[in-house]
2 protein chains.
Amino acid sequence: MAKNDCRTKLMEIGTRLFAERGLHGVSIRELSQEAGASISMISYYFGGKEGLYSAVLQEQFACFDQIEEIRKQGAEPLDVIEGYIRWTLQRHRNNPYLLRFYTSELTNPTLWFHTIVQPAIEKIIRILIDVLDDGIRRQQFRKELHTGNAALALAGMANYFFLSTLATENLVSHSAENDEELIRQYAAIFTQGILASPP
Amino acid sequence: MAKNDCRTKLMEIGTRLFAERGLHGVSIRELSQEAGASISMISYYFGGKEGLYSAVLQEQFACFDQIEEIRKQGAEPLDVIEGYIRWTLQRHRNNPYLLRFYTSELTNPTLWFHTIVQPAIEKIIRILIDVLDDGIRRQQFRKELHTGNAALALAGMANYFFLSTLATENLVSHSAENDEELIRQYAAIFTQGILASPP
DNA sequence: GTCTATATTGCGATAGAC
DNA sequence: GTCTATCGCAATATAGAC
């Protein structure tokens, strides 16, 4: 196998298997076999199974570095909210494994939760809170809004749609075709609510 | 140890350990030791580690049987929505382990996902969809609302608040003291949105 | 850089005593 | 109903050949 092709292949298979069954659910035997490499390559490149896991985790959460893009200069709060929903959907579409690591680390944190996962999530929630505060300052949003809780509500809507897929695919379509429609709907629910007329 | 005290203790410790580290992250050696019982008791009572896990899972999701209570006879859709949020919050407060099994099974389903977890989640989402359809029929909710997506949005808000705790406790208080306030806020966001004035 | 072979530890399950 | 002792296997890690 060509140089570093082995490393790449181990990362690729490791991502899939760790996502599907978690750190403890995968053996390096099976992993290396699926990658078509020898078992010792995992120690050679990553210093062991946990090293490979942390490398995979780092790669998975690297996409959070680009989150600032949803807050382009002078963007309206409403645009940023829609941008966040779109960004979240695309993130999960592009990488169906991310949510597995995301929720697995939130509920069963490993050693790397505090260095990799928590900062990424905090960063994005902080941005949402800032945007909501900004909208209140501009008198666009209700001034009694608790922006922390509201930010979590928005993140929850966007992420749970994917999280629940396996249990709700009989009830609700999760096809990517409807994503733009979904973005509109979720932006509308979050900003205008579901009521037909103002209370 | 008194009869069936052993069984109960194994369930109790199993619940905690499986929640914290997943099915594969726990050994029956450690589990039985923490329960103060012999390792062979797990086979005796549950037929093995997986049997214990499925028993724990069944117990955890039993609370979903009572969900119909949020839809008492003749309740207004708005009341049911608030009732759902309150019921979800209390469910997680009463049992901090439930969400671990819930998300772990959604992202890394075991053999018992389809018999225990999926029916429970489907049932609750179906009720929410029914309630939203009812609200549209009564002309309380916007008639163009996609009730499936909206139901997932509501469930997402309520569940993600807890799911994100570990990553967002520096930004947002997750104390149970604020639960009634949170219920009001989430009901308000879902029904009225965050805008200061109608668009 | 990649392999095979092996050392060592820990796993789940159960037989058999009490 | 509960225990101890043990079986057979799979786990991770690594030494050493190429």
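Letters A, B, ... are given to chains in the order of the sequence lines, protein chains preceding strands, and every chain is numbered from 1. For the numbers below, each heavy atom of this structure counts, side chains included, while hydrogens, waters and symmetry mates do not. What you are looking at is a predicted structure, and each value in this text was computed from that prediction instead of being measured.
The CE atom of B:M41 sits 6 Å away from the P atom of D:dT2 (whole-angstrom rounding). Straight-line distance from the CG atom of B:L31 to the P atom of C:dG10: 17 Å, rounded to whole Å. Distance CD (A:Q33) to P (C:dT2): 18 Å, rounded to an integer number of Å. Straight-line distance from the CG atom of A:L17 to the P atom of D:dA11: 13 Å, rounded to whole Å. We find that CG of A:D5 is positioned 8 Å from P of C:dT2, with the value rounded to whole Å. One atom, CZ of B:R21, and another, P of C:dC11, lie 10 Å apart when rounded to the nearest Å. Straight-line distance from the NZ atom of A:K49 to the P atom of C:dG10: 15 Å, rounded to whole Å. The interatomic distance linking B:I42 (CD1) with D:dC3 (P) rounds to 11 Å, in whole Å.
Under 3.5 Å, the side chains of A:S173 and A:N178 contain a donor-acceptor pair of N or O atoms. For the residue pair A:S40/A:S38, the side-chain donor-acceptor check at 3.5 Å is satisfied.
Candidate nucleotides D:dA10, D:dT6, D:dT14 were compared by shortest atom distance to the side chain of B:R29, and D:dT6 ranks first. Of the candidate nucleotides C:dA13, C:dA5, D:dT2, D:dT2 has the atom lying nearest to any side-chain atom of B:Y45. Checking C:dT2, C:dT14, D:dA13 against the side-chain heavy atoms of B:I39 singles out C:dT14 as nearest. Comparing D:dA11, C:dG12, C:dC3 by their closest approach to the side chain of A:S27 singles out D:dA11. In the set C:dT2, D:dT2, C:dA13, the nucleotide with an atom closest to the side chain of A:Y44 is C:dT2.
A side-chain hydrogen bond (donor to acceptor under 3.5 Å, both in side chains) check over residues 188-199 of chain A, counting only residues at least two apart or in different chains, returns nothing.
At least one side-chain heavy atom of A:L98 sits under 4.5 Å from a side-chain heavy atom of A:F64.
When the nearest nucleotides of DNA chain D are assigned to A:E30 and A:S43 by heavy-atom distance, the more 5′-ward of the two goes with A:E30.
Tested against A:L57 for a side chain to side chain contact (heavy atoms under 4.5 Å, CB included), the candidates A:F18, A:F101, A:F113 yield a single pass: A:F101.
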